[in-house]
Every structure is written in structure tokens, then in C-alpha cells.
Protein chains: 2
Amino acid sequence: MTVEIAEPRMTRAALRILETASELFYHRGIHTVGVDLIAAEAGVTKKTIYDRFGSKDNLVAAYLRARDRRWRAVVDRHIEAAAGPGEAALAVFDSLEEWRAAEGTRGCAMINARAEYAGPDHPSRALAADQKHWLRDRFRALVEAAGLPGSADLAVELLVLHEGAVVMGDVGELEDATALAKRAAARLLGL
Amino acid sequence: MTVEIAEPRMTRAALRILETASELFYHRGIHTVGVDLIAAEAGVTKKTIYDRFGSKDNLVAAYLRARDRRWRAVVDRHIEAAAGPGEAALAVFDSLEEWRAAEGTRGCAMINARAEYAGPDHPSRALAADQKHWLRDRFRALVEAAGLPGSADLAVELLVLHEGAVVMGDVGELEDATALAKRAAARLLGL
DNA sequence: AGGTTGATATACCGACCTGTTTACTTTTGG
DNA sequence: CCAAAAGTAAACAGGTCGGTATATCAACCT
């Protein structure tokens, strides 16, 4: 159930558009950021945006997809750098801290996009499901490799902890939520 | 740090407005629901809405506040019905299932509102912080009453689990996420 | 009885937002 | 070298949305 969207031709201007749109969308929300603002901020005309991306919706989808790709790369890097499968599962929580330090603390872009576009047809729905399933499968593979029983359930538990940490890192000034989530994950894994 | 908003006079029409607005806001998102739609759906004119609530922002704040009150009542009922403090902490996860069965599965209204209104001044920010702090404090009191050490950290861990369960109950077709979160909470509590 | 209050009905305004169009200039690759 | 592709510039179209104005009607409470 992978999600496919027609990839626009990524010219230099298109890259600049995507970068600034990503910044604006994530930090200010999608519906509050107009195409005109993106054009002005990227030093580009609206025509170029519509020539490259066709519609704001397509630009939003491209933003979510690109961000997802970058995030998965960060997670994978932390997993591969870990000493063993158990440590790798915990390292995912470290990747969250690194990701947040670099990207900001406005929660999960997928979840936020879902909140803005409630309809069942918007790409953000499928993209978010994809992303969460991907992380759950990563957790499951690691838990299995660690030789722990009940890997399917345990993977979902880790996923829930992770998503909770993502949310609570934004709301309510609980900066140590991620560290505590990691500690809780370790106890759940018996480490 | 409680949040105060001028309470509008809750006439019968105002109640109908608030009810239908709550339904629409939660299930379709806030910015996609126009004031005209709310008026039509509630069988009320726009003037009545503005006479009662003054602005859409005020209506949104009233929606979030009312929903928060109802939710806290459900949680408290489950806590009070539990046999002991440990069971009460776990019962919060049962209250989530009841709440979701009655209200739907579009995640936390506060978090969703925060996603739509990114600005630091919007009431949803303070309201969400309030709500999460309230639940954390409930958890902390219960963990303390159960005589468990490290109650402050444990409370945050339970809160993270809870918020993760709220999110994952919506995204990614993981219906058992809440039950698994409860199981994980039990293990973290040593129950 | 009558004035205050709540509500209806309807038209309207200004701002904003997505998307298009036309005409012109720059870049770039075969 | 030159044509195709990419981008600039600026105006405009069509629609939506939050909010206001005016005039009218019905209920309620001293």
C-alpha cells in the first residue's frame, strides 16, 4: 500500500519552492500559508509554482513526501549505527530528538496535515498511514531480531510511545517527554 | 495557569449552535467549516451566532472548552469507579475507548486545533497545555497513592502512552493500539 | 401592556485565496 | 547557435469566508 504521486520536474526553482513551502507549511500550518506567500518567500512567481506543481494540493503532497523521506533516512541512520537490535529500537527515540532539534517542535507534519484536511480522500491520510506502518514494521523487525516474544504487540507499543513522544514534545512544555519515553521503551523491552 | 474565556449566554439557540459546531469542527476540521454552514446546520442565522459568540474564534474556544469539560468528566468517572489507584491509572485507558466510541476517532480535538492554528497566541495552545497537565497530574496522584517510586516520571510516561494511543487510534488502522497501550502501562506500573 | 431580549431573514462588504492568462526575458542543452 | 524550456511580471477571474447592517417577528417578565 505505497502511495504514489506524480513527481514534478525538480528544477532549481522547484527545489527552492519546495524548501520554503516546507518551512512555511510546517511552522505556520498549511491553510494559513497562501501560494502568494510561498512565491514571495521563495523569490519566485506564482506561475512557476503552478508550472512545476500544478496545484497547491500537489505541492502539499510533495512537501509531505519529501519530509517523510528525510525523516526515514534519519531513523535508518540511527538504527544502523546502533550496537544491536535492542539498542536500535531505543535509538529511534534518539533520532526523534535529533530530528526535532533540526526541524522544530511542531509535532508530526503528517498528523498536522491530517488535522487540517479531514476528508478521507486527502493524500495526507494514506501518507500518514504509510509512515506509521513503516515505523511499526521497523520496530517489529528489531524486536524479532532481539529474540523477544510477542514482537507484533511490542512493536505497536513502541510505536504508541514514539507517537506520544512526538506529540508531547510540542504541547505542554514537557521537554523530557522523549527521554522518558525512551526509558519506558527500555523497560518494556526488558533492557 | 487556568484558561479563562468570557462565557457566552447559553440560550437554547446558543446550545444548538455549540452542539452542531462541535460535531462539524471535530469531524471536518475547523477551517473547513464556515460560519454559514454552522448556521444552516443548526437552523439558525449567522446573526444569532455572532450575537451569542461574537466571533468564530470565540466559538472555537467555547467548543474546545466544552469538549474538554465533557472529557474530563468521563475520565474522572472511570477513575472513581476503579478499585484502587493502580487500577484507576489503567482505567484512564478504558475511558479513552468509551470516549472514542461515543465521539469518533479523529484524534484529540486540542491537538488538531493546535495543528490548524499554529500561532503562539491562539487559545488552543493554552487549552491543550492545560488539558495535558491535568491528565499528567491525575496520573501522578494515582501513582503516588499506589505507593510507587518515581511518580513524577512515571506519570509523564503514562501520559505519553495515552497521547500516543489517542493519535494511533485514528491513523493507520491500528484499532488495538489503545488496548496495547493499556497493557504497556500496566507493565510500566509493575501490575 | 409594553419594553427588553432573542431570534429570523436577507442582503451586503471587504479581504483573501486558488488558479489563469498574456507578454516578455533568461537559461540551457543538443 | 538556436530553439525549447524555464522563469519573470503583473493583472485578473471566480469563489469563499468572516463579519456587518437593517428590518421584522415572537416570547417573556415585571
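Model, not experiment: these values are computed from the prediction. First the proteins, then the strands, lettered A, B, ... as listed; each starts at 1.
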S.K.: Please state how far atom CZ in A:F53 lies from atom C1' in D:dG7, giving the value in whole angstrom units.
M.R.: 14 Å

S.K.: For DNA chain C, which residues in residues 38-49 of chain A have a heavy atom at a distance below 4.0 Å?
M.R.: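 By residue number: A:K46, A:K47.
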
S.K.: What integer distance in Å separates A:L15:CG from D:dA6:P?
M.R.: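 That distance rounds to 14 Å.
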
S.K.: B:L159, B:W134: one ILVMFWY side-chain cluster at the under-4.5 Å cut-off?
M.R.: yes

S.K.: For A:H162 and A:W71, which heavy atoms make the closest approach, and how far apart are they?
M.R.: CE1-CZ2, 4.1 Å

S.K.: Which whole-number value in Å describes the distance from A:I17 CD1 to C:dG19 P?
M.R.: 14 Å

S.K.: More than 12 heavy atoms of other residues, nucleotides or ligands under 6.0 Å from CZ of A:R69: yes or no?
M.R.: yes

S.K.: Examine distances only and state if a side-chain atom of B:R114 and a backbone atom of B:S124 form a donor-acceptor pair shorter than 3.5 Å.
M.R.: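 Side chain of B:R114 to backbone of B:S124: no pair is present.
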
S.K.: Do B:L158 and B:R136 have side chains that approach each other closer than 4.5 Å (heavy atoms only, starting at C-beta)?
M.R.: no

S.K.: Figure out the CG/C1' separation between A:D57 and C:dC17, and round it to whole Å.
M.R.: 13 Å

S.K.: D:dA5 C1' sits how many Å from A:R52 CZ, rounded?
M.R.: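 Roughly 8 Å, once rounded to whole Å.
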
S.K.: For residues B:V60 and B:I111: do they belong to one hydrophobic cluster (side chain heavy atoms under 4.5 Å, members Ile, Leu, Val, Met, Phe, Trp, Tyr)?
M.R.: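 Hydrophobic grouping puts B:V60 apart from B:I111.
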
S.K.: Judged by atom type as modelled, is there a donor-acceptor pair below 3.5 Å linking the side chain of A:N58 to the main-chain atoms of A:F53?
M.R.: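 Indeed, once roles are kept as given, a pair shorter than 3.5 Å links the two residues.
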
S.K.: If you group Ile, Leu, Val, Met, Phe, Trp and Tyr by side-chain heavy-atom gaps below 4.5 Å, do A:L59 and A:L24 land in one group?
M.R.: yes

S.K.: Could you state the CG-P distance from A:D51 to C:dT22, rounded to the nearest angstrom?
M.R.: 14 Å

S.K.: If you check the A:D36 side chain, which of C:dA7, D:dG19, C:dT18 turns out closest?
M.R.: C:dT18

S.K.: Using a cut-off of under 3.5 Å, enumerate the N/O to N/O pairs linking the protein to nucleotides 27-30 of chain C.
M.R.:
{"from": "C:dT28", "atom 1": "OP1", "to": "A:R12", "atom 2": "NH1", "distance (Å)": "3.2"}
{"from": "C:dT28", "atom 1": "OP1", "to": "A:R12", "atom 2": "NH2", "distance (Å)": "2.5"}

S.K.: C:dA7, C:dT18, C:dT5: which one has an atom nearest the side-chain heavy atoms of B:R9?
M.R.: C:dT5

S.K.: Please pick, from D:dG18, C:dA7, C:dG19, the nucleotide with the shortest atom-to-atom distance to any side-chain atom of B:K56.
M.R.: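 Closest of the options to the side chain of B:K56: D:dG18.
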
S.K.: Using 30° and 60° as the class boundaries, would you call the ring planes of B:H31 and A:H31 parallel, tilted or perpendicular?
M.R.: parallel

S.K.: Could you tell me the separation between the CZ atom of B:F25 and the P atom of D:dC17, rounded to a whole number of Å?
M.R.: 12 Å

S.K.: Can you pull out the residues from residues 26-34 of chain A that lie within a 4.0 Å heavy-atom distance of DNA chain C?
M.R.: A:V33, A:G34

S.K.: Please check if B:V160 and A:W99 belong to a single hydrophobic cluster, counting links between Ile, Leu, Val, Met, Phe, Trp and Tyr side chain heavy atoms closer than 4.5 Å.
M.R.: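 Yes, same cluster.
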
S.K.: Taking the side chain from A:K56 and the backbone from A:I30, do they hold a donor-acceptor pair closer than 3.5 Å?
M.R.: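 Side chain of A:K56 to backbone of A:I30, a donor-acceptor pair under 3.5 Å: yes, one is there.
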
S.K.: I want to check one thing: is the phosphate of D:dA5, taken as OP1 and OP2, less than 4.0 Å away from some side-chain N or O of A:T11?
M.R.: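 So the side chain of A:T11 is outside the cut-off, no N or O lying under 4.0 Å from OP1 or OP2 of D:dA5.
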
